[in-house]
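Remember, it's 1-based here, ligands and their atoms both numbered in the order they're listed.
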Amino acid sequence: MRHAVVSVSLPSLRHRASGKVREIFEDGPNLLLVATDRVSAFDVVLRQGVPGRGTVLTRLSEFWFGQLAEVCPNHLLTTDLARMPEAVRARADVLDGRTMLVRRVEILPVECVVRGYLAGSGFKEYRASGTVCGVRLPPGLRESDRLPEPIFTPTTKAHTGHDEPLTFAEVGERVGAETARRLRELSLSLYAAGAAHARERGILLADTKFEFGLLDGEMVLADEALTPDSSRYWDAARYAPGRGQDSYDKQILRDWLEAQPWDKRPPPPDVPAAILEKVAARYAEIAGRLMR
Ligand code: Q0N
């Protein structure tokens, strides 16, 4: 069985940050984003990784950056190890296919969330108040219903804990009114392009989150783009509004974990290799569908 890459050490490069899934290193003026095979479920990172998950996330980001480049420029320079430092090329065995060399940009302090369907915290708020992040929606919507049109629901970027909703005015206070309008317009355009492409291939992008940065005064799409880690993916063939939907990528893992005697606090149970392989196959299936 293929093994999962759950840690990455590059002692000759300056390590800048660690996410649940990705590691960031510095390379002169640029950054290296390495997507590991780590996976979280119920907000807990599992000890076992999903073999090849990081390479699928990297391929998907690269694919979407290419698809979306006409809507907005992005931070990606290359995924080709030949154009990366020797320290990276020396570890091609683990890093090939999971490393993006990106331009360092000035990240804007807003998570640009777009929702096309009524799910998660959006549905909870709608049920309580008829609004989603302050945006009033028509009455009578059911859980998972498609929205009359996609909505921009920005949040803070919490370093610890959970992101908090921001009103559009609060986005303006953080980045300026002109930039706030541009973030909203770009986010909605990127989501529309991505959701249309995915829908034609039987995948619903229920919602997603973008990060933007400034490079020489120009707005660029940063971070990852429309991956299952930054978006809620549903299988269109199984879509049935009126209830919560299965996660296209993680449901196999969630179902197995739900069947264990586990309180969803660390430490999580050890996940059997056969389950991890099923999840790996699911990621390959998603990439295969989207990239055809
Ligand atoms: C940056 N984050 C938060 C990895 C992503 N192009 C860039 N320039 C400057 N800074 C960043 C980027 C990018 N991308 C973005 N941290 C640094 C998102 N992280 C969370 C952890 O995983």
Side-chain angles (χ1 to χ4, degrees), residues 4-10 13-41 43-46 49-50 53-66 68-69 71-80 83-85 88 94-95 97-114 154-164 166 171 174-175 179 182-183 186-187 190 207-231 249-250:
V5 174
V6 293
S7 65
V8 173
S9 120
L10 292 168
L13 296 174
R14 186 189 295 263
H15 183 258
R16 154 126 176 205
S18 228
K20 277 186 180 164
V21 172
R22 288 171 297 160
E23 302 290 341
I24 309 186
F25 298 89
E26 300 190 353
D27 176 29
N30 301 320
L31 296 175
L32 288 156
L33 305 189
V34 181
T36 70
D37 292 333
R38 293 194 295 260
V39 64
S40 62
D43 268 346
V44 177
V45 179
L46 306 179
V50 171
R53 185 175 184 274
T55 60
V56 169
L57 293 175
T58 301
R59 277 200 341 261
L60 279 173
S61 260
E62 181 176 36
F63 169 76
W64 284 120
F65 280 136
L68 301 171
V71 182
C72 179
N74 61 69
H75 69 160
L76 178 63
L77 289 166
T78 189
T79 58
D80 183 359
R83 290 172 56 193
M84 296 187 201
V88 173
V94 290
L95 297 178
R98 63 175 77 247
T99 309
M100 295 199 305
L101 180 67
V102 304
R103 282 199 170 87
R104 198 186 301 233
V105 300
E106 189 194 320
I107 296 284
L108 294 167
V110 179
E111 297 272 20
C112 292
V113 178
V114 180
T155 70
T156 61
K157 285 182 202 208
H159 295 286
T160 52
H162 282 280
D163 297 344
E164 298 292 338
L166 288 172
V171 176
R174 287 171 173 243
V175 300
T179 301
R182 189 93 184 101
L183 287 176
L186 279 174
S187 298
L190 290 165
D207 47 46
T208 196
K209 163 172 99 185
F210 299 109
E211 279 195 52
F212 294 90
L214 291 177
L215 180 66
D216 306 324
E218 193 190 29
M219 194 99 79
V220 296
L221 182 57
D223 199 42
E224 57 188 333
L226 296 178
T227 69
D229 275 8
S230 65
S231 322
D249 55 312
K250 287 187 179 172

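- Residues Pro228 and Val56 are not in side-chain contact: their nearest non-hydrogen atoms beyond the backbone lie 4.5 Å or more apart.
- Which parts of ligand 1 touch Arg104 is read off a 4.0 Å heavy-atom cut-off, strictly below it: atoms 8 (N), 9 (C).
- Here the heavy atom of the protein found nearest to atom 1 (C) of ligand 1 is Ile107 CG1, 3.9 Å.
- Closest to atom 20 (C) of ligand 1, if we only count protein heavy atoms, is Arg22 NH2, 4.4 Å.
- Per-residue contacts place Arg16 under 4.0 angstrom from the following atoms of ligand 1 (heavy atoms of the residue considered): 10 (N), 17 (C).
- When heavy-atom distances to ligand 1 are checked against a 4.0 Å cut-off, Leu31 comes that close only through its side chain, counted from C-beta outward.
- At the shortest separation from atom 2 (N) of ligand 1 among protein heavy atoms lies Ile24 CD1, 4.2 Å.
- Across every non-hydrogen atom of Cys112 and Ser187, the tightest pair is CB-OG, 3.3 Å.
- With hydrogens and angles left out, the side-chain atoms of Glu224 and Ser230 include no donor and acceptor closer than 3.5 Å.
- The parts of Val105 lying near ligand 1 are both backbone and side chain, judged by heavy-atom distances below 4.0 Å.
- The shortest N or O to N or O distance between Arg103 and ligand 1 is below 3.5 Å.
- Nearest heavy-atom pair across Gly54 and Arg98 is CA-NH1, 3.7 Å.
- Under a 4.0 Å criterion applied to the non-hydrogen atoms of Val102, ligand 1 contributes the atoms 6 (N).
- Heavy atoms of Lys157 stay at 4.0 angstrom or farther from ligand 1.
- Using a 4.5 Å heavy-atom threshold, the side chains of Thr179 and Met219 count as touching.
- Considering only heavy atoms from C-beta on, Val34 stays 4.5 Å or farther from Val94 through its side chain.
- Under 4.0 angstrom from ligand 1, there are no non-hydrogen atoms of Lys20.
- When all heavy atoms of Asp43 and Lys20 are compared, the pair lying nearest together is OD1-NZ, 3.2 Å.
- Side-chain atoms of Thr155 and Glu164 form no donor-acceptor pair, as typed in the model, at a separation below 3.5 Å.
- Looking at Glu211 next to ligand 1, no N or O pair under 3.5 Å apart turns up.
- The side-chain hydrogen bond (donor to acceptor under 3.5 Å, both in side chains) test with Arg53 is passed by exactly one of Asp249, Thr58, Asp229: Asp229.
- The parts of Asp223 lying near ligand 1 are both backbone and side chain, judged by heavy-atom distances below 4.0 Å.
- Summarising the geometry of Met84 relative to Thr78, their closest heavy-atom pair is CE-O, 3.6 Å, with the distance given to 0.1 Å.
- Atom 21 (C) of ligand 1 has its closest protein heavy atom at Gly19 CA, 3.7 Å.
- Taking only nitrogen or oxygen atoms, main chain and side chain alike, Ser18 does not reach within less than 3.5 Å of ligand 1.
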